[in-house]
Amino acid sequence: MNILISGCLLGLKCRYDAKEKKLPEIEKLIEIYNLIPVCPEQLGGLPTPRIPAERVNNKVVNQAGVDVTKEYQLGAEEALKIAKLYNCKKAILKEKSPSCGCGKIYDGTFLKNLIVGNGFTADLLLKNGVEIFGESEIDKLK
Ligand code: SF4
């Protein structure tokens, strides 16, 4: 079974700070599933490293005050294209991200406050019938 995964959870150094967040359980998951990595922020044309950004309602604004909504929308659309191409019905996504976050995201103040909500990519995948799991929920997949 093909499952979409946030690239940083697979070990790709695609985060805003050019680091990764490899899941400790990744080797076990690789034995069971074909994991298809995407980084929506890179797919949207943003560089790595990049200025961190947070979602504010239907916009995404970076810490320098620049509106990067278009890049986040494009990245979400590209990630959805890849999910469809590989027939991924499930996705494992990095929690709290303005792209991949599912359930809770930062509130746009850059003060580490969490609010209920999803990142742009998580929202678009959900709207298109892809079941999403944050990295703390992968036990549900095993
Ligand atoms: Fe990871 Fe998603 Fe952020 Fe890319 S956009 S670094 S895959 S959380």
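Order of listing sets the numbers, starting from 1, for every ligand and every atom in it.
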- Task: Tell me, yes or no, whether the heavy-atom count around D17 atom CG, taken from other residues, nucleotides or ligands under 6.0 Å, exceeds 12.
- Result: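 Check passes, neighbour count above 12.
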
- Message: Atom CG of residue position N58 - does it have more than 12 heavy atoms of other residues, nucleotides or ligands inside 6.0 Å?
- Response: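 Not buried by this count: 12 neighbours or fewer within 6.0 Å.
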
- With a cut-off of 4.0 Å, which atoms of ligand 1 are near a heavy atom of R50? 6 (S)

- Message: Please tell me whether N87 and K89 have a donor and an acceptor in their side chains that are separated by less than 3.5 angstrom.
- Response: yes

- Side chain or backbone of E95 under 4.0 Å from ligand 1, or both, or neither, by non-hydrogen atoms? neither

- Message: Is any side-chain heavy atom of V130 closer than 4.5 Å to one of L4?
- Response: no

- Determine the minimum heavy-atom distance between I30 and L35, stating which atoms define it.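 Nearest heavy atoms, I30 then L35: CG1-CD1, 3.9 Å.
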
- Message: Keeping E54 on the side-chain end and F110 on the backbone end, is there a donor-acceptor pair under 3.5 Å?
- Response: yes

- Around atom 4 (Fe) of ligand 1, list the protein N/O/S atoms within a radius below 2.8 Å, excluding water molecules.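 As for protein N, O or S atoms lying under 2.8 Å from atom 4 (Fe) of ligand 1, they are C39 SG.
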
- Message: Under a 4.0 Å threshold between the charged nitrogen and the carboxylate oxygen, would E20 count as salt-bridged to R15?
- Response: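 No salt bridge links R15 with E20.
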
- Message: I'd like to know whether ligand 1 has E135 as a neighbour, heavy-atom separation below 4.0 Å.
- Response: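 Checking ligand 1 against E135, which is what was asked, there is no heavy-atom contact under 4.0 Å.
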
